[in-house]
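In what follows, a structure is listed as structure tokens, so that the remarks can point back to it.
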Protein chains: 2
Amino acid sequence: MTPLVRSFVAHFGEMGSRWGINRTVGQIYALIYVSQRPLNADEIGEALEFSRSNVSMGLKELQAWRLVRLKHQAGDRREYFDAPSDAWEVFQILAEERRRREIEPTLSMLRNALLEKPATEEDSVAQERMRGMHELIEMLTTWFDEVQHMDRTTLSQLMKMGSRVQKLLEFTGKVKVIAGGKTGKTIK
Amino acid sequence: MTPLVRSFVAHFGEMGSRWGINRTVGQIYALIYVSQRPLNADEIGEALEFSRSNVSMGLKELQAWRLVRLKHQAGDRREYFDAPSDAWEVFQILAEERRRREIEPTLSMLRNALLEKPATEEDSVAQERMRGMHELIEMLTTWFDEVQHMDRTTLSQLMKMGSRVQKLLEFTGKVKVIAGGKTGKTIK
DNA sequence: CTGAATTTACAGTAATTACTGAAAATTGAA
DNA sequence: TTCAATTTTCAGTAATTACTGTAAATTCAG
């Protein structure tokens, strides 16, 4: 590993432990992510000085996260792995997986809690707070769902626009009348 | 604790360990979040059956995350804590803290790596991948920054609109000519 | 100031999580 | 099929992280 790769890998190791995924797994992912070609478990173990079995476990976890993909090389029996190199794709995968693992269970818990009849004054207040949390999460995930289905050009256009969308919305409110009157079109 | 609160607290305990914050801290937060009134360390320790010192450490961490606030009660020397109950506010705090702790260090590492002259072919490829990651993170955080400064009405309007913004953008492209011609206004 | 109430620090221990090596299982070329 | 190559599993151990009790520090009413 060159110093450049080494520092990237080290950073992912440290960050990894900051959120659920452990140091080893973070390092393995980082190595694969920046690698030009798919790597096999021995190469990874050698580069990072991990035991073969540790690498195997790490790869299994990364596959469960869909962050690495198994690639077979012609005429080689060993399993090679690479990672989607497009950052936006990686972001989407991460978002989906975290949603499945963290958001959905939480929403489900909240939904159940909100169905209960509050037994006490305390319960009513608690339920109120939970309702707020539930509403926000639903709103954010619904929105994110939709955004994911937008084409990337629109998306980047929208992001570059940033808070100026606000002006667009205000402006459109006025424009609708003029344009709608002229063209017969309205914005649904 | 009522069963309702108990299950909420338990869920946060489990989820807590899934991302960096530990079980205890998650439970303390959950308890404070749904509580009607500020709680002191003894009350928390009693409700959750944690030692006094464990509660103290947990509260310190939650304060560092700005997820709980110290509130003094008149005529009581003990320290009481409550949590912002508005879910959107909590979301913003979390976003800011995670940004500071995770995003910023990563951006900084990436920026440094991108300044290096690639020593090998491998390095060039690695740098290319890092550049992609850096660009996406910059774009997302810049955008998120701006969104945070939008007023909440616009924001919720925008979210409810979801992917229909896409249509709005397309439509506006056409409308600009008509409306601009009529009113002299253009969208900056 | 003083000292009781309260919070914090920290060393020791418990619990959890990560890692290894060896053995078992699987795979696929011959 | 067979068997060597390869991957996976898992029990044991190492390392890390979480938790407790005690002692020290801090705070503030009197």
Side-chain angles (χ1 to χ4, degrees), chain A residues 9-10 12-32 37-65 67-82 101-102, chain B residues 9-10 12-32 37-65 67-82 101-102:
Chain A
V9 164
F12 265 65
E14 285 151 27
M15 278 305 151
S17 46
R18 195 164 286 201
W19 70 264
I21 143 185
N22 75 36
R23 196 169 47 82
T24 319
V25 174
Q27 290 177 224
I28 296 174
Y29 175 70
L31 184 65
I32 296 175
R37 57 179 185 79
L39 301 175
N40 66 46
D42 287 315
E43 290 171 320
I44 295 168
E46 194 173 347
L48 302 175
E49 305 183 66
F50 296 160
S51 73
R52 192 43 245 277
S53 49
N54 197 6
V55 175
S56 171
M57 284 168 155
L59 287 171
K60 226 177 70 174
E61 187 167 348
L62 288 170
Q63 282 177 282
W65 274 93
L67 288 172
V68 301
R69 298 172 296 206
L70 178 57
K71 286 268 158 103
H72 278 109
Q73 308 271 306
D76 191 331
R77 235 171 100 176
R78 285 169 296 180
E79 298 184 332
Y80 285 75
F81 294 89
D82 74 352
R101 294 161 190 243
E102 295 163 33
Chain B
V9 165
F12 265 65
E14 285 151 27
M15 278 306 151
S17 48
R18 194 165 288 201
W19 72 262
I21 143 185
N22 75 36
R23 196 168 47 83
T24 318
V25 175
Q27 290 177 226
I28 295 174
Y29 175 70
L31 184 65
I32 296 175
R37 56 178 186 81
L39 301 175
N40 67 45
D42 287 315
E43 290 172 320
I44 296 167
E46 194 173 347
L48 302 175
E49 304 183 66
F50 298 159
S51 73
R52 192 43 243 277
S53 49
N54 196 6
V55 174
S56 170
M57 284 168 154
L59 286 170
K60 226 178 69 174
E61 188 168 347
L62 287 170
Q63 281 176 282
W65 274 93
L67 287 172
V68 302
R69 298 172 297 206
L70 179 57
K71 287 267 158 101
H72 278 109
Q73 307 273 307
D76 191 332
R77 234 171 100 176
R78 283 168 296 180
E79 298 185 333
Y80 285 77
F81 295 88
D82 75 351
R101 295 160 190 244
E102 296 163 32

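- In terms of position along DNA chain D, the nucleotide closest to A:Asp76 lies nearer the 5' end than the nucleotide closest to the other residue of the pair A:Asp76 and A:Lys60.
- For the pair B:Asn22 CG and D:dT20 P, the computed distance is 11 Å after rounding to whole Å.
- Here CZ of B:Phe81 is found 11.5 Å from NZ of B:Lys71. Values are rounded to the nearest 0.5 Å.
- Extent of DNA chain C lying under 4.0 Å from chain A heavy atoms, first and last nucleotide in 5' to 3' order, is C:dA18 to C:dG28.
- B:Glu14 places none of its side-chain heavy atoms less than 4.5 Å from the side chain of B:Arg23.
- Relative to the side chain of A:Arg78, the nucleotides D:dT6, D:dG21, D:dC10 differ in distance, and D:dT6 lies closest.
- Taking CD from A:Gln27 and CD1 from A:Ile21, the interatomic distance works out to 10.0 Å, rounded to the nearest 0.5 Å.
- Of the side-chain N and O atoms in A:Arg52, one or more sit less than 4.0 angstrom from OP1 or OP2 of D:dT7.
- Taking for each of A:Thr24 and A:His72 the nucleotide of DNA chain C with the nearest heavy atom, the 5'-most of the two is the partner of A:Thr24.
- Under the rule for a salt bridge (Lys or Arg N to Asp or Glu O under 4.0 Å), the partners of A:Arg37 that lie at least two apart in sequence or sit in another chain are A:Glu43.
- Between A:Gly26 and A:Phe12 the shortest heavy-atom distance is O-CB, 3.6 Å.
- Using a 4.0 Å heavy-atom distance criterion, B:Arg23 is classed as a sugar-phosphate-only contact.
- Across the protein-nucleic acid pair, A:Glu61 atom CD and D:dT7 atom P stand 19 Å apart, rounded to whole Å.
- The CG-P distance, from B:Leu70 to D:dT27, rounds to 12 Å in whole Å.
- Going from atom CD of A:Glu79 over to atom P of D:dT6 covers 11 Å, rounded to whole Å.
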Side chains of residues 46-63 of chain B: which donor-acceptor pairs under 3.5 Å do they make with residues two or more places apart or in other chains?
{"unit_1": "B:Ser51", "atom_1": "OG", "unit_2": "B:Ser53", "atom_2": "OG", "d": "3.4"}
{"unit_1": "B:Ser51", "atom_1": "OG", "unit_2": "B:Asn54", "atom_2": "N", "d": "3.2"}

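- Across the interface with DNA chain D, nearest-nucleotide mapping of A:Leu59 and A:Ser17 shows A:Leu59 to be the residue nearer the 5′ end.
- A distance-only check finds a donor-acceptor pair linking the side chain of A:Arg18 to the backbone of B:Arg101 [under 3.5 Å].
- Rounded to whole angstrom, the span from the CE atom of A:Met57 across to the P atom of D:dT8 amounts to 11 Å.
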